[in-house]
Amino acid sequence: MLRFSKHETTFNEITKNMNISIPDRSEYLKTLAQSGQKIMGVLPALYPRELLWAFDIHATEIWDPPGEILHANAHLQTTICPIVKKSLEFILKEPDIINAGYLFPHTCDSLQNLGTQVKDLIGVSLPVYTFYNPKGSFNKMTTKYYRDILQNYQLTLETIYGPLNPEKLLAACVLSHKIDSYLLAIQQARMTDHLAMNNLDYFKLMRAQEYLLPSDYLSLLEQVDILDQPSESPRARLMVSGILPPTSEILRFLDELGVGIVADDLLAGSRRIPKFPMDTPVSPLDYLTDRFFVLPPCSTRGGDLDERLHHLSKLMDASQAQGMLFDMIKFCEPELFDHRLLVKTLREKNIPVLTLETELDSHISGQDKTRIEAFTEILFEMASA
Amino acid sequence: MSIRAELKYKIMKDYGAPALMVLQDFKRRKPRPIPEAFGPPLESNKRLKEILSRHYFLSRYTPGVKKVAWVTSGAPVELLRAFDFYTIYPENHSALVGAKKQGADYCGIAEGSGFSQDLCSYARIDLGHMLSGKTPAGKLPKPDLLFCSNNICQTVLYWYKAIAHELNIPLIHFDAPFVTTEQTEADINYMAQQLQDMIPILERVSGRIFYLNIFEDILKRSMETSKTWGAILDAMKAQPAPMTIFDAFGHLAPIVSLRGLPVAQDYYHFLMDEIDTRVTQGIGAISDERYRLIWDNIAIWYKVRFLATFFAERKMNFVTATYTNAWAETTGYLDVKNPWTSMAKTYGQIILNNNLKHRLDLMKKMIKTYSVDGMVMHSTRSCKPYSVGQFDLRKTITADLDLPAVILDADIADERVWSEQQIHTRLEAFCETLEGSKHG
């Protein structure tokens with residue numbers, strides 16, 4: 001059974017300034033698997049986690065597992081994005097912590113094909129599921145279709161795990177709603193300096209939802225101290241856009257420089273949290289449907305570019321961000337197509353922009369360091385002007 | 001609609017285009033010598049060139065006469081035909097640029113304006129064209145409408161979104177859910193409903209009313225044309241095959257970009273007749289066909305002639321391809337009595353929108369029915385849906401069918417990616433293996 005109480009494990013990473021303990025991903029999942037918890041490995045990015053929770057399945061997300069890419073190179077070309085490659089490398093190891101199968105949400109062409117490649121050609125011992133996320137502009141018809149997809153996915157899970165308990169699904173939706181509410185409040189606090197947390201710790205907290213049990217994650221969020229009065233503003237205020245937060249090294253470097261990431265447009269960050277607070281769930285499938293359609297605009301859903309520009313502009317205004325850092329994953333087509341227009345528009349508004357390209361190595365190159373330094377100098381000048 | 005523009009269009013259609021054909025004929029008086037390794041060239045080539053030249057030539061006179069739509073190759077264009085849109089296929093245009101070895105030039109324009117070099121080269125060429133107005137076709141009209149479907153890739157949606165924003169024109173997107181096992185009723189209903197919901201938008205943009213009977217006629221024509229194209233491909237089962245797949249890459253253009261129009265239907269009847277004659281008379285596309293090959297993925301447009309010659313000189317002929325088959329494979333689902341759901345089935349299940357098990361089974365079937373001896377896979381950095389999975393497809397097919405295979409790492413239209421030496425080495429090694437396997 002999926003536990004809704006706080007999970008006990010070794011908390012070996014401490015965000016000192018907050019006194020919050022965030023468990024190490026690998027240790028946590030190992031302990032969880034050993035306890036008999038059903039765990040499904042979920043690839044990026046959007047999926048109805050609440051349905052899995054209702055079947056007592058813990059969804060752990062696979063974005064950028066550590067380690068060298070070795071075996072995946074025999075299955076994928078060199079021009080495939082590192083998220084896809086790292087995910088496959090992880091899957092090929094058939095890790096014990098994943099015991100209920102893999103879920104491939106439909107995010108991009110590469111992940112779409114990876115799902116069928118793993119299922120139909122490579123073959124793994126665990127079941128492989130897929131979940132289609134509609135693309136393009138949305139209307140009533142898309143809403144109806146998304147609801148149908150949810151129902152079909154529920155039926156698929158029922159064939160394996162037995163009938164769904166509607167009360168459990170409602171409880172899962174309520175839990176999800178609480179998490180969203182906390183995350184929205186924390187984001188808001190971050191934008192207005194009501195959160196005394198450095199970049200590194202902030203994104204550790206955000207990313208902990210990728211692997212913690214929802215109850216544990218909620219407990220963690222409950223401990224976050226939102227200040228009554230704004231704390232000291234960082235020397236410069238930055239917004240970040242892309243798929244994943246910058247690597248730990250870059251975040252640490254920005255912390256050293258006194259640059260605060262006050263808002264984000266990340267697929268692994270704010271793009272998976274509703275744009276505004278939703279009503280408490282009453283009818284689970286309606287809630288899940290509504291939730292999908294109130295997520296912020298995202299390149300991977302093929303949304304309207306004007307809507308995305310408007311959303312970014314609102315975030316920049318609300319957070320008073322002075323510049324934008326695009327942390328682009330190599331070969332990520334959805335992001336790369338939108339990137340040109342976003343950069344152009346921001347530059348037209350005289351907003352400084354820096355684009356970094358990452359292959360998800362933990363190492364930060366000397367060249368990138370210099371570029372970040374030069375970029376932050378501009379932000380400092382703007383702040384002091 | 002302007003009377004002057006319409007008159008100009010009519011004059012160009014009746015007199016200008018034929019005059020252009022005569023001029024092109026005159027320029028072509030000294031045909032390039034055909035290498036000995038090839039059989040007699042297809043007579044249809046001339047007509048194909050005329051049709052395509054005429055289509056691009058007339059397109060520049062359409063403003064004020066017909067609304068112009070830029071369309072993706074997998075989009076259900078029959079619906080647009082019912083509103084008499086003049087359709088331009090950017091993928092086809094990019095292939096043309098690529099074939100003329102000008103891809104890098106156009107890509108450079110897009111890259112210079114901020115688009116990444118890692119994006120699909122069809123898209124970069126098209127964006128380069130949009131930003132500069134450059135085209136080997138002389139001049140292309142600006143679109144009034146964009147029409148795309150992600151049944152071939154998600155890329156087209158991102159790409160068309162960028163154009164729609166740049167030119168401030170409407171974009172109609174046909175969302176085709178990927179088929180992981182089989183299409184569900186929900187998938188089909190969703191797609192069928194989308195098609196019907198497009199009608200008011202198309203009426204508004206085109207200024208024309210939708211008539212179901214006209215649409216049904218177009219569907220019938222499209223269906224019949226695709227079936228003829230399928231029959232032409234089927235004829236390549238003959239030994240020797242009456243044409244090579246490199247010929248088919250060219251003869252594919254009307255089924256992609258003129259589907260649903262009488263000109264395409266007539267053209268394929270003409271080509272079918274010629275192919276039938278060649279089969280009856282035992283005329284092969286290459287003079288001595290000893291090995292039969294399958295091609296996987298889109299063509300390497302800037303190296304078609306090189307590859308055709310390379311293989312023909314080694315008595316190897318490509319007799320089938322997953323790419324050319326794509327416009328014939330799902331035609332059987334079309335049903336004029338149920339236009340919407342049948343289009344959902346036809347367009348939703350094309351090879352690139354279908355799972356890799358489907359592709360594996362299809363390739364195995366093609367290998368068997370076309371008596372294939374070896375496989376060449378083009379791994380293109382531009383097309384993720386076509387390329388991701390190829391390594392495992394090759395592994396499985398090689399193991400299950402004991403078939404020699406090679407993967408060429410290249411690109412569809414950006415010639416900068418071509419590595420002459422590496423490709424040559426791989427091809428030589430493949431040919432050696434193939435010759436050994438057949439004789440051993």
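Just so it is clear: chains get the letters A, B, ... in the order the sequence lines come, proteins before strands, and each one is counted from 1.
At least one side-chain heavy atom of A:Asn152 sits less than 4.5 Å from a side-chain heavy atom of B:Thr184. You'll find the side chain of B:Leu157 stays beyond 4.5 Å of the side chain of A:Arg301, heavy atoms only. Taking the side chain as every heavy atom from C-beta outward, A:Thr79 and B:Asp118 never approach each other to under 4.5 Å. Two residues are said to be in side-chain contact when any heavy atoms from C-beta on lie closer than 4.5 Å; A:Asn113 and B:Tyr386 fail this criterion.
Annotation: ring pair (Phe, Tyr, Trp, His ring centres under 6.0 Å) contacts of B:Tyr190 (sequence neighbours excluded): A:Tyr145. Residues satisfying the ring pair (Phe, Tyr, Trp, His ring centres under 6.0 Å) criterion with B:Phe210, sequence neighbours excluded, are B:Phe83, B:Phe215. Every residue two or more places apart in sequence or in another chain that forms a ring pair (Phe, Tyr, Trp, His ring centres under 6.0 Å) with B:His129 is listed here: B:Trp70, B:His93.
Within the 4.5 angstrom heavy-atom criterion, atoms from both the backbone and the side chain of B:Leu393 approach chain A. Contacts of A:His106 with chain B are made by side-chain atoms alone, with heavy-atom separations under 4.5 Å and no backbone atom involved. Of the two parts of A:Leu88, neither the backbone nor the side chain holds a non-hydrogen atom closer than 4.5 Å to a non-hydrogen atom of chain B. For chain B, the nearby part of A:Lys119 is the side chain; its heavy atoms alone come within less than 4.5 Å. Residue contact with chain A, scored on non-hydrogen atoms closer than 4.5 Å, is absent for B:Arg394. For B:Leu356, the parts lying under 4.5 angstrom from a heavy atom of chain A are both the backbone and the side chain. Contact of B:Asn189 with chain A is not made at all, since no heavy-atom distance falls under 4.5 Å. Of the two parts of B:Ala164, neither the backbone nor the side chain holds a non-hydrogen atom closer than 4.5 Å to a non-hydrogen atom of chain A. With a 4.5 Å cut-off on non-hydrogen atoms, B:Cys120 touches chain A through its backbone and its side chain both. Residue B:Leu119 touches chain A through both its backbone and its side chain, counting heavy-atom pairs closer than 4.5 Å.
In terms of heavy-atom pairs under 4.5 Å with chain A, the best-connected choice from B:Gln194, B:Lys357, B:Lys161, B:Glu166 is B:Lys161. Between chain B and the residues A:Thr355, A:Ile80, A:Leu341, the most heavy-atom pairs under 4.5 angstrom are made by A:Leu341. Counting heavy-atom pairs under 4.5 Å between each of B:Leu171, B:Asp409, B:Asp187, B:Leu352 and chain A puts B:Asp187 at the top. Contacts with chain A were tallied for B:Ile407, B:Asn355, B:Thr396; B:Asn355 has the most, counting heavy-atom pairs under 4.5 Å. Of the residues considered (B:Ala186, B:Ala123, B:Cys383), B:Ala186 shows the highest number of contacts with chain A, using heavy-atom pairs under 4.5 Å.
Crowding of A:Lys93 atom NZ: a count of heavy atoms from other residues, nucleotides or ligands under 6.0 Å exceeding 12. Atom NZ of B:Lys395 has 12 or fewer heavy atoms from other residues, nucleotides or ligands within 6.0 Å. Surrounding CD of A:Glu348 are more than 12 heavy atoms belonging to other residues, nucleotides or ligands, all under 6.0 Å away. Within 6.0 Å of CD in A:Gln367 there are 12 or fewer heavy atoms belonging to other residues, nucleotides or ligands.
Rounding to the nearest 0.5 Å places OG of B:Ser116 at 6.5 Å from CD of A:Glu357. Distance check, rounded to the nearest 0.5 Å: CG of B:Asn150 to NZ of A:Lys135 gives 7.0 Å. A distance of 10.0 Å separates CZ in A:Arg340 from NE2 in B:His165, rounded to the nearest 0.5 Å. The NZ atom of B:Lys384 sits 13.5 Å away from the CG atom of A:Leu114 when rounded to the nearest 0.5 Å. The CG atom of A:Asp120 sits 11.0 Å away from atom CG of B:Asp392, with the distance rounded to the nearest 0.5 Å. For the atom pair B:Phe115 CZ and A:His339 NE2, the distance stands at 11.0 Å (nearest 0.5 Å).
Shortest non-hydrogen contact noted between A:Gly136 and B:His173 is CA-ND1, 3.7 Å. For A:Phe337 against B:Leu127, the heavy-atom pair with the smallest separation is CE2-CD1, 4.2 Å. Minimum interatomic distance between A:Ser299 and B:Tyr158 (heavy atoms only, all atoms of both residues): O-CE2, 3.4 Å.
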Could you walk me through whether A:Phe104 and B:Thr180 pass the side chain to side chain contact (heavy atoms under 4.5 Å, CB included) test, one step at a time?
CA-CA 11 Å; A:Phe104 288 78; B:Thr180 47; over 6 Å; no
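No side-chain N or O of A:Gln77 forms a donor-acceptor pair with one of B:Ser387 less than 3.5 Å apart.
Annotation: residues 124-134 of chain A contacts chain B through A:Thr130, A:Tyr132, A:Pro134 [non-hydrogen atoms, separation under 4.5 Å].
Side-chain atoms of B:Gln154 do not come within 3.5 Å of backbone N or O of A:Gln112 as any donor-acceptor pair.
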